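Since the model is a prediction, treat every value here as computed from it, not as a measurement.
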Amino acid sequence: MNQYDEATTPPTPPGPPTKHQLAFMIWLAVFPTLTALNLALDDWLSGLTPVLRTFVLATIAVPIVIYGLMPQLHRLRTRLLTRN
């Protein structure tokens, strides 16, 4: 292989995240999302029981995390692991 082959060969994508990486990525997505939702919806949620409040927050937060934030974090992880 010569220098030109290395320049044109795309980097090998990393494998799936380890359990520790995934746990950190989930925490990084969930904590700020729940904090922002708690602050934004505090007046509306204040009259609810803790179980109902948690249900409402989880119902809103899970799609945000799964469909919005986790794909971005996976892309960021890939960029970080494949950069030169």
*Check step by step if side chain to side chain contact (heavy atoms under 4.5 Å, CB included) holds for K19 and L22.*
CA-CA 5 Å; K19 288 180 186 179; L22 191 57; 5.8 Å; no

*Taking side chain to side chain contact (heavy atoms under 4.5 Å, CB included) as the test, write out the residues that go with T12, two or more places apart.*
none

*Taking only residues two or more places apart in sequence or in another chain, which ones pass side chain to side chain contact (heavy atoms under 4.5 Å, CB included) with P14?*
R77, T78, L81, T82

*First locate atom CG of L57, then atom CG of L34, and finally report the distance between them rounded to the nearest 0.5 Å.*
6.5 Å

*Roughly how far, to the nearest 0.5 Å, is the CE atom of M25 from the OG1 atom of T18?*
9.5 Å

*Return each pair, listed once, that meets ring pair (Phe, Tyr, Trp, His ring centres under 6.0 Å) where at least one residue sits in residues 44-81; pairs must be two or more places apart or across chains.*
none

*So, do L69 and I64 sit near enough that their side-chain heavy atoms are less than 4.5 Å apart?*
yes

*How long is the gap from CG on L39 to OG1 on T35, to the nearest 0.5 Å?*
6.5 Å

_I need the R53 CZ to N38 CG distance, nearest 0.5 Å._
5.0 Å

*Is the closest side-chain heavy-atom distance between L73 and M70 below 4.5 Å?*
yes

*Hey, what do you get for CG (L48) to OG1 (T54), rounding to the nearest 0.5 Å?*
10.0 Å

*What closest approach, in Å, do A58 and P63 show between heavy atoms, and which atom pair accounts for it?*
O-CD, 4.3 Å

_With a 4.5 Å cut-off on side-chain heavy-atom distances among I, L, V, M, F, W and Y, is there a chain of contacts connecting V65 to W27?_
yes

*Going only through I, L, V, M, F, W and Y residues with side-chain contacts under 4.5 Å, is there a path from F31 to V56?*
yes

